[in-house]
2 protein chains.
Amino acid sequence: MKKSAPKLSSDYTTRDRLLDAAERLFGLRGYDGVGMRMLAEEAGVNLGAATYHFGSKDALYIETFLRRFRTMNAKRLRLLRQAEEEAGANPLPVCKIVDCMIRPLFQSGLEHPSFQLLLARNLFMPPAFLHEAIRKELEPNIMEFHTALLRSLPGMPDNLLHLRTMFGMGALLVFSVQMDRMPLARDATFNENVLKEMVHFISAGLQSVSPPSLEEWLPVPFPPDFERR
Amino acid sequence: MKKSAPKLSSDYTTRDRLLDAAERLFGLRGYDGVGMRMLAEEAGVNLGAATYHFGSKDALYIETFLRRFRTMNAKRLRLLRQAEEEAGANPLPVCKIVDCMIRPLFQSGLEHPSFQLLLARNLFMPPAFLHEAIRKELEPNIMEFHTALLRSLPGMPDNLLHLRTMFGMGALLVFSVQMDRMPLARDATFNENVLKEMVHFISAGLQSVSPPSLEEWLPVPFPPDFERR
DNA sequence: GAAATTAATACATACGTATGAATTATGTGT
DNA sequence: ACACATAATTCATACGTATGTATTAATTTC
């Protein structure tokens, strides 16, 4: 017996209460729109609890995000690798890759509705202190998807693929936000249909042949990193 | 002579200073991330100036956004109508419509770089008090584009077109944010090339034929309006 | 009884807005 | 063209409340 943490009467820990409340409120109002007191009240815990369990508001925010983001990314990679294994030597169809990329987002949106907003927010415009955590968690992921896509789209320039992948991400993120406004959008088959449509939309864009007059059009548009003032 | 407002020595009014500072800071940090004191200092004016000229922080935010959003939307409609006039009776090519829809955003991004972030922010996740102003300003616009697209995409279901248009908007918005991180992205020809690519990407998605098993897939997913808590 | 957790309160700072005096620009009568 | 009265604008400051975190005591759990 090494269990060193005391147990509550219910198993719904103070820590978890806080994470859930933070997920909901931060997703709805953003980092700057939620105060510690509002959080504590929503979670039904004491004001000091957040500082005690997480150290600071920033740390709570980071953990709230990463808690689900990690497992979601893991599932993405798992799906891709599994698909690649099944496909053997030949490259995957583009729409299959896109499906692996996007499906876990939809799934996590169904299981944890309030996380979807937080996710969209943080992928769209993360607060500065989240930049590194996101990069670290996301970079290996997108690299693997990028090379998979390159294998399925021979001859496509690196820059162009990056650009188009970004476009696709945008489609996903905006839908995630708008989804909140659709009343019975939590229906599973509706979700599946929208997912199919989205995969189709993005795949069409990825596979289309570029318009002319686009030779050598950009000197490395995506720098390794940046500094936001 | 009815001129009732006094003139400053310089023509860079306190009002304009405030609007410019607000554009920059609100775009960078969001509504809740910027205080009136920070704003006043950035603008180089007194703290009371904002309340005097705009009445409240909300009002300043709204005006900061609408100032450019209005003219941008007007230009969009102007481009579309002009193209339709030139085309006469036959429907426009989809990529032409998309171009009219998107080009003014790029142009305004070139002319007013810091507005692009604010625009993306507000179209992605506007603060509650902006909802109505956006709807009022945007609704006639998208309706006109929607019917134009329907004319060029005969047989496409209303819902599907809405969905795909949303996807396209997402591509645009995410790019607007990421653009800030691209060092010499303010170059005009680079911009033109990316615009071309984006128009192409969105048009490809809009024109693609849907995957099967999508018959009667959704009972009106986009309600007239909603209420965000 | 020792460690972990909860609770209550305090601190300095920042928030948006209101107030009223000081200052500047303006329209008008001469 | 000049002065004057009035409106428009700037400025400094104050108010009540909210912010994130630190502190310290009470309580619970092992």
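Reminder, nothing fancy here: chain letters follow the sequence lines and each chain counts from 1.
For the pair A:L39 CG and D:dT21 P, the computed distance is 11 Å after rounding to whole Å. Between A:D11 atom CG and D:dT29 atom C1' there is a gap of 14 Å when expressed in whole angstrom units. Atom pair A:L18:CG and D:dG20:P shows a separation of 13 Å (rounding to whole Å applied). Rounded to an integer number of Å, the gap from B:D32 CG to C:dA14 P is 17 Å. Rounded to a whole Å, the CG atom of A:L25 is 12 Å from the P atom of D:dG20. Spacing between atom CG of A:L60 and atom C1' of D:dT19 amounts to 15 Å, rounded to whole angstrom units.
Comparing D:dA14, D:dT21, C:dA4 against the side chain of A:L47 picks out D:dT21 as the nearest. Closest approach to the B:M36 side chain among C:dT17, D:dT21, D:dT9 is made by C:dT17 (side chain taken as heavy atoms from C-beta onward). When the nucleotides D:dT19, D:dT10, C:dC15 are ranked by their closest atom to the side chain of B:Y52, D:dT10 comes out on top. Of all nucleotides listed (C:dA4, D:dT21, C:dT17), C:dT17 comes nearest to the side chain of B:S56.
A centroid separation of 6.0 Å or more is found between the aromatic rings of B:Y61 and B:F54. Taking the six-membered ring for Trp and the full ring otherwise, the centers of A:F65 and A:Y31 sit at least 6.0 Å from each other. Ring pair B:F115/B:F69: centre-to-centre distance not below 6.0 Å.
When the side-chain nitrogen and oxygen atoms of B:H53 are compared with OP1 and OP2 of D:dT10, one or more of them lie within a distance under 4.0 Å. The shortest distance between the side-chain N/O atoms of A:T14 and the OP1/OP2 oxygens of C:dT6 is below 4.0 Å. For B:N46, a side-chain nitrogen or oxygen approaches OP1 or OP2 of D:dA12 to under 4.0 Å.
Here the side chains of A:F201 and A:L172 are not in contact, with every heavy-atom distance at 4.5 Å or above.
Heavy atoms of B:G35 sit under 4.0 angstrom from primed sugar atoms or phosphate atoms, though from no base atom.
Of the two residues near DNA chain C, A:R15 and B:K57, the one whose nearest nucleotide lies more 5' is A:R15. Nearest-nucleotide positions on DNA chain D place B:V45 closer to the 5' end than the other of B:V45 and A:G55.
Atoms CD and CG, on A:E63 and A:L66 in that order, are 6.0 Å from each other to the nearest 0.5 Å.
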